Amino acid sequence: MRILSLFSGAGGSCLGWHAAGAEHALCCEWDTSAGATLAAAGFPWSSVDLSDPEALRAALAPLAGSVDVLEASPPCQAWSSAGSRLGARDPRNGWPWTWEACDVVGPRWLVAENVPGLLCHRGDCPTRIGGYAEPMACAGCYWSEVVLVEARRRFAWVGWWLLDAADFGVPQHRRRVFLIGGPHQVSPPQPTHGDPATLRQRGLFGPLRLPWVTMREALNLGESAEVIGGGQDPREPGDKRTYRQISDEPSTTVAAEQIGNAGPWVVQHMGGAPRGLEAPAPALGGGGNLMLERPAPAVTAQEVKGTRASAASGYTFNGGPDRASDALFIATGRRRLTVEEVAALQGFPPAHPWQGTQTSRYRQVGNAVPPRLAEVVARAVMGADGDL
């Protein structure tokens with residue numbers, strides 16, 4: 001199958017489709033660092049600005065009638081619960097560009113990935129009390145009244161799946177919505193992994209699954225290392241944090257800048273002696289991240305959180321941002337996850353050729369689709385296409 005990929009990023013989704021046996025006709029990504037990563041990984045990269053209708057048509061018209069699948073990951077900032085959620089009014093809303101690309105290319109299938117926030121109605125949405133939908137003001141209304149409607153205009157069958165990457169062997173909880181459009185129905189992929197605490201019941205109540213792939217496994221951490229995450233302790237008043245081990249769970253959030261002093265930290269014990277965890281401990285950078293105590297946060301991976309000045313460095317960079325992290329590690333044994341480590345938590349191969357600055361590489365990892373998650377979706381669609 002020939003794939004046109006929109007909003008390709010650093011190639012996570014492209015790797016998944018390639019692993020499933022597909023080939024890419026073109027991969028569109030405007031960010032030059034992510035595009036350089038795509039090109040270095042061997043994918044046919046175009047830096048076309050998809051928000052420009054004329055540029056989009058000029059770049060994609062040569063592919064008309066020759067593409068089996070249009071695969072897209074429209075920018076999620078407009079719908080993410082971590083952002084301002086401007087929704088349809090956000091200039092980064094890539095759904096109109098996706099429909100334009102469908103009309104130019106005419107694929108048999110559409111596979112579009114986005115954040116679960118797109119399914120959620122605003123708290124004061126009129127539909128909650130029997131009123132009219134407000135698609136330009138509410139994500140859930142935009143999904144039902146615009147996205148699904150536009151997809152059904154172009155495809156005989158339209159469905160959507162909400163999938164968690166951890167359930168398919170990725171060492172990270174990352175829930176994503178996949179919109180599927182095509183000539184006939186496609187069955188969703190069945191999870192291959194699950195919570196070890198409930199797996200013993202699967203033989204009686206469902207198919208057998210493997211245990212989740214853990215953070216310790218993915219990062220190859222030895223017995224003398226721990227990974228700890230932080231969150232607000234509901235028993236403690238004020239700005240307090242507690243830490244707990246998350247070494248044997250799928251990854252929690254690598255915190256974005258606005259979240260504050262959230263984990264995870266890698267704790268490497270000097271001399272093999274376990275270091276006591278502060279419980280509670282003050283949140284140095286902000287109010288903390290409540291998601292760290294829950295099983296479903298996703299890697300966000302911004303470099304700035306790994307290099308901010310800390311108490312260990314006297315709140316100064318001392319000659320460069322890396323010094324703050326070095327001082328913190330020397331004083332406490334803690335450090336932030338590296339680009340390569342967060343990439344491993346996304347399921348990227350170790351040799352993936354990341355390009356650009358360190359900040360850009362963290363951003364590329366955080367914005368990526370886990371290759372394994374893309375692969376299982378690709379195999380479901382390609383298997384259904386073979387039924388035609």
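Since this is a predicted model, take the numbers as computed values, not measurements.
One finds no salt bridge joining Arg209 and Asp195 here, because no Lys/Arg side-chain nitrogen approaches an Asp/Glu carboxylate oxygen to under 4.0 Å. The pair Arg175-Asp164 does not meet the salt-bridge criterion, since no charged nitrogen lies less than 4.0 angstrom from a carboxylate oxygen.
When each of Val377, Leu179, Val177 is paired with Trp161, the side-chain contact (heavy atoms from CB on, under 4.5 Å) condition holds for Val377 and for no other. Only one option out of Pro189, Pro188, Pro370 pairs with Val376 in a side-chain contact (heavy atoms from CB on, under 4.5 Å); it is Pro189. If you run side-chain contact (heavy atoms from CB on, under 4.5 Å) between Leu4 and each of Cys28, Cys27, Cys102, only Cys28 comes through. For the pairing with Arg108, the side-chain contact (heavy atoms from CB on, under 4.5 Å) check across Asp385, Val381, Val69 returns one residue only, Asp385.
Taking every heavy atom of both residues into account, Leu373 and Arg174 meet most closely at CD2-O, 4.4 Å. Residue Ala374 comes nearest to Gly12 through the heavy atom pair CB-O, 4.4 Å, listed as atom of the first residue, atom of the second, then distance. Closest heavy-atom contact between Ser73 and Val369: OG-CG2, 3.6 Å. In this structure, Arg379 and Ala19 approach most closely via the heavy-atom pair NH2-O, 3.0 Å. Contact between Val342 and Val339 at its shortest, heavy atoms only, is CG2-O, 3.2 Å. A pairwise comparison of heavy atoms in Ala166 and Trp212 identifies O-CD1, 3.1 Å as the closest pair.
The shortest side-chain heavy-atom distance between Arg122 and Arg128 does not fall under the 4.5 Å cut-off. A 4.5 Å side-chain heavy-atom check between Trp30 and Leu50 finds every atom pair outside the cut-off. In this structure, Leu63 and Arg2 have side chains that are in contact, with non-hydrogen atoms separated by less than 4.5 Å. Between Tyr132 and Pro126 the shortest side-chain heavy-atom distance does not fall below 4.5 Å. In this structure the side chain of Leu60 never reaches within 4.5 angstrom of the side chain of Val67, judged on heavy atoms.
Annotation: the span from Leu6 atom CG to Leu56 atom CG amounts to 7.5 Å, rounded to 0.5 Å. Here the OG-CG distance, from Ser8 to Asn367, works out to 12.5 Å after rounding to the nearest 0.5 Å. To the nearest 0.5 Å, atoms CD1 (Ile3) and CH2 (Trp109) are separated by 11.5 Å. Interatomic distance, Thr32 OG1 to Leu38 CG, rounded to the nearest 0.5 Å: 11.5 Å. Taking NE2 of His193 as the reference point, atom CG of Leu210 lies at 4.5 Å (rounded to 0.5 Å). Note: Leu162 CG to Leu118 CG = 11.0 Å, rounded to the nearest 0.5 Å.
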### Query
Going through the distances and angles, do Tyr142 and Trp95 end up as a ring pair (Phe, Tyr, Trp, His ring centres under 6.0 Å)?
CA-CA 10 Å; Tyr142 188 79; Trp95 286 101; 7.5 Å; no
### Message
Walk me through whether Gln358 and Arg361 qualify under side-chain contact (heavy atoms from CB on, under 4.5 Å).
### Response
CA-CA 5 Å; Gln358 181 168 304; Arg361 295 180 186 196; 5.6 Å; no
### Task
Decide yes or no on side-chain contact (heavy atoms from CB on, under 4.5 Å) for Thr359 and Arg363, but give the supporting numbers first.
CA-CA 6 Å; Thr359 298; Arg363 184 172 60 248; 4.1 Å; yes
### Task
Go through the steps for Leu345 and Val365 under the test side-chain contact (heavy atoms from CB on, under 4.5 Å), then give the verdict.
CA-CA 9 Å; Leu345 296 178; Val365 176; over 6 Å; no
### Intermediate values then yes/no, side-chain contact (heavy atoms from CB on, under 4.5 Å), Ile180 and Trp157
CA-CA 8 Å; Ile180 314 294; Trp157 176 84; 3.8 Å; yes
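In this structure, the side chain of Glu54 does not engage the main chain of Asp52 through any donor-acceptor pair within 3.5 Å. Put simply, the side chain of Arg152 never gets that close to the backbone of Val158: no donor and acceptor are under 3.5 Å apart. The closest donor-acceptor contact from the side chain of Arg154 to the backbone of Glu150 lies under 3.5 Å. Using a distance-only test at 3.5 Å, with no hydrogens or angles considered, no donor-acceptor pair links the side chain of Asp31 to the main chain of Gly9.
The side chain to side chain donor-acceptor pair (under 3.5 Å) contacts involving residues 14-29 comprise nothing, where partners must be two or more places apart or lie in separate chains.
Trp354 and His352 have perpendicular rings, their planes meeting at more than 60° on a 0 to 90° scale where under 30° would count as parallel.
In the hydrophobic cluster analysis, where Ile, Leu, Val, Met, Phe, Trp and Tyr join through side-chain heavy atoms closer than 4.5 angstrom, Val111 is grouped apart from Val170. Grouping the Ile, Leu, Val, Met, Phe, Trp and Tyr side chains by contacts below 4.5 angstrom, directly or via other members, places Val146 with Leu148. Both Trp160 and Trp99 sit in one connected hydrophobic cluster of ILVMFWY residues. Membership requires side-chain heavy atoms under 4.5 Å apart, directly or through other members.
Using modelled atom types and a 3.5 Å distance limit, the side chains of Glu71 and Ser5 yield a donor-acceptor pair. Checking Gln364 against Thr37 by side-chain atom types alone, a donor-acceptor pair falls below 3.5 Å.
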